[in-house]
Amino acid sequence: MTDFFHPDRLQKLADLKGLGVLPYPARCPEGRERAAELLADFDARKGQTVTIAGRVMGRRGYGKLAFLDVIDESGRIQACLQKDRLSSADFALLKCMNLGDFVSITGELSTTKVGDPTVFGDGAGDSVGNFTILCKALENPPEKWHGLSDSELRARRRYVDLFSNQEVRNDFLRRSAILRAMKDIFFGHGYHEVETPVLHPIYGGANARPFVTHHNSLDMQLYLRIAPELYLKRLLVGGIERVFEFARVFRNEGLSQRHNPEFTMVEFYQAYSDYRGMVELTEELVVGAARAAGLEQENGKICATFREVEYDLSPPFQRVRYADAFREHVGVDAEDRPALEAKMAEHHVKVGGNGEYHWWKAVNDLFEELVEPELPGPVFVTDYPAAICPLAKPSADNPVWAERFEFFLGGMELANAFSELNDPQLQLQKFEEQVADLDDPEAPNQVDMDYVRALAYGMPPAGGCGIGIDRLIMVLLGKDSIRDVLLFPHMRPEVGLADASGGSDPESKTSGVETPEAPVQ
RNA sequence: GGGGGCAUAACUCAGUUGGUAGAGUAGUUGGCUUUUAACCAAUUUGUCCCAGGUUCAAGUCCUGGUGCCCUCACCA
């Protein structure tokens, strides 16, 4: 369907072919170097012949001379093509080039009259290939000064957002650097990176509504994982003592500035440690991530600015016991039920059902309403009510409390950790209570008996933690919305686009995938 | 799911009281050998988100729908 593409560009494409030039060659001239390295090394490299390659984002033409802004992953560099310095065949290509095309230029690295470092395309006489078009673009790039500004278009066409805005590109490269720094810390502590199933026959490890899917040839219902937790702890049973997984998890809930249906969390488990060890490691990870994000200042302070509030991420972070924070900000003792009932009435908090779980859930609602806003962070809140922690080990001193912490930063819960419950009978009892609880729509639908059996074989005492990566990166990069830290946030299908190619019928394509035995044309 | 806002050219945006659809960028043509948002001259491009309604006349007013953003609820 030709009218999907721009007629102007198709004409240029035809012109190129008329010149006998391939618009999509397979190979780039060898020895291509990146813009940023050439500029960083400019004094030493000046006068040398170099080759650059990238996308043309600017052109200033003078008839017998043209300046091009060429961008690659590292940044921008200027090129200059002159009629009396290039072969006529190469110079003629300028006529067929548009903004957005990929090109390569070979020539002298030098400066212009105003001192701007520039690659001057070289190659007199019959030499060809010192200016080449590497890829002809058939779609117009966005406005050169503003780029894409509509947030929907930016997300839908992230590829355009990325090449038209270096800040955006840098931010996603910073995300990559943050993940790498965190992995380095894990490896430095003797951790192993593992991958566990995404398709779960029973969903668990968190309270959330799952996505449901179906395996055709097994004819069974499966869930996209809401957490990797129960599989990772099976590995502790198996004798792998330190594991982490950067896990994409899926939760079938509403979308918001802080929620995407799929998101990334890192979970990590360490045998012979406990939640106190996880506090230390989590702090190290957050600090390492902040350093990788470039937030360390010359004076050694580490600061992040998120939603116009500055957070000091210089360790150590504050630690506060749940019960202490509760008493301070709610004004009553978390174990004083009569006083709590009055507080709940005052703040319209309702107990959702019978039993300890629902009571403590309501207490925790009070905590979330009255205490969490007072904890901008970074802060570790430790020792949570055991009744709302089905996977955490109760405190030996007072089983009302569990060995659990949550880490808050930027007004969000960024991490959740326990001393992992490894008593198989207690775990089974807690699972059964969850499944029996019909008041909670997010409770697991059945007990994962294989996990209980794994515990029955014996799991060493361990600490485990999960960190919400996307939210951490929001704070570190100062992004208000999770959509700005996800390369491709979830979007509804673009209306009209599927029809644009004209020929294909999405219905028949889908049925072909699902019924491979159907005749193939 | 509730409430509020936005939708005009490939991109960024104007569009008056309801009266022939606009600018800049990009593209095209011509000029120009040191520009860098180059400049000068000419020029092409529209399902004004969709469907109804009011009106002599709707980009503009009304109703419904779609998409996105903000906010609340749920959640990490």
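The chains referred to below are lettered A, B, ... by the order of the sequence lines, with proteins before strands, and numbering in each begins at 1.
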Q. Nearest-Å distance, CG (A:Leu10) to C1' (B:A10)?
A. 14 Å
Q: Specify the separation, in whole Å, of atom CZ of A:Arg258 and atom P of B:C70.
A: 10 Å
Q: May I ask you to say whether A:Lys361 pairs ionically with A:Glu368, meaning some side-chain N is under 4.0 Å from a carboxylate O?
A: no
**Q.** Check ion pair A:Arg156-A:Asp161 (N to O, under 4.0 angstrom)
**A.** no
**Q.** Interatomic distance at C1', B:G67 relative to B:U29, whole Å
**A.** 39 Å
Q) Is it the case that A:Arg158 places NZ or CZ above or below the six-membered ring of A:Phe488, under 6.0 angstrom from the centre and within 45 degrees of the axis? A) no
Q) Which residue, A:Met491 or A:Glu413, contacts RNA chain B at a nucleotide closer to its 5' end, judged by nearest heavy atom? A) A:Met491
**Q.** Distance-only side-chain donor-acceptor flag, A:Arg404 / A:Asn416, under 3.5 Å
**A.** yes
Q: Provide, to the nearest angstrom, the distance between the CD atom belonging to A:Glu369 and the C1' atom belonging to B:C72.
A: 14 Å
**Q.** side-chain hydrogen bond (donor to acceptor under 3.5 Å, both in side chains) partners of A:Tyr191, counting only residues at least two apart
**A.** A:Gln270
**Q.** Nearest-angstrom distance, C1' atom, B:A21 to B:U16
**A.** 15 Å
(Q) Within the 4.0 Å heavy-atom criterion, would you say A:Asn260 contacts the bases, only the backbone, or no part of the nucleic acid? (A) base
Q.
For a quick check, with a 4.0 angstrom heavy-atom cut-off, what is the B/S/- contact string for nucleotides 30-38 of chain B, read 5' to 3'?
A. S-BBBBBBB
Q: Please state the C1' separation for the pair B:A14 and B:U66 - nearest whole angstrom.
A: 25 Å
**Q.** Spacing between A:Asp8 atom CG and B:U29 atom P, to the nearest angstrom
**A.** 9 Å
Q.
Just N and O in the side chain of A:Arg251: are any of them under 4.0 Å from OP1 or OP2 of B:C74?
A. no
Q: Using the P atom on both, measure B:A9 against B:A51 and round to a whole Å.
A: 16 Å
(Q) Looking at A:Lys393 and A:Glu403, is there a salt bridge between them, counting it only when a charged N and a carboxylate O are closer than 4.0 Å? (A) no
Q) When rounded to the nearest Å, what value does the distance between P atoms of B:G24 and B:A41 take? A) 11 Å
Q) Between atom CD in A:Glu368 and atom P in B:C72, what is the gap in whole Å? A) 15 Å
(Q) Starting the side chain at C-beta, find the nucleotide from B:A10, B:G67, B:U71 nearest to A:Gln257. (A) B:U71
Q.
Is the phosphate of B:C68 approached by A:Ser151 (side-chain N or O, under 4.0 Å from OP1 or OP2)?
A. no
Q | Interatomic distance, A:Tyr159 OH vs B:A10 C1' [rounded to whole Å] | A | 13 Å
Q | P gap between B:G59 and B:C50, integer Å | A | 11 Å
(Q) Side chain of A:Arg483, heavy atoms from C-beta onward: which of B:A26, B:C69, B:G67 has the nearest atom to it? (A) B:C69
Q: Find the distance A:Arg154:CZ to B:C11:P and express it as a whole number of Å.
A: 15 Å
Q. With respect to the phosphate group of B:A9, does any side-chain polar atom (N or O) of A:Asn140 fall under 4.0 Å of OP1 or OP2?
A. no
Q.
Taking the basic N atoms (NZ, or NE/NH1/NH2) and the acidic carboxylate oxygens, is any pair closer than 4.0 Å for A:Glu37 and A:Arg34?
A. yes
Q) Any ion pair linking A:Asp15 and A:Lys95 (charged N to carboxylate O, less than 4.0 Å)? A) no
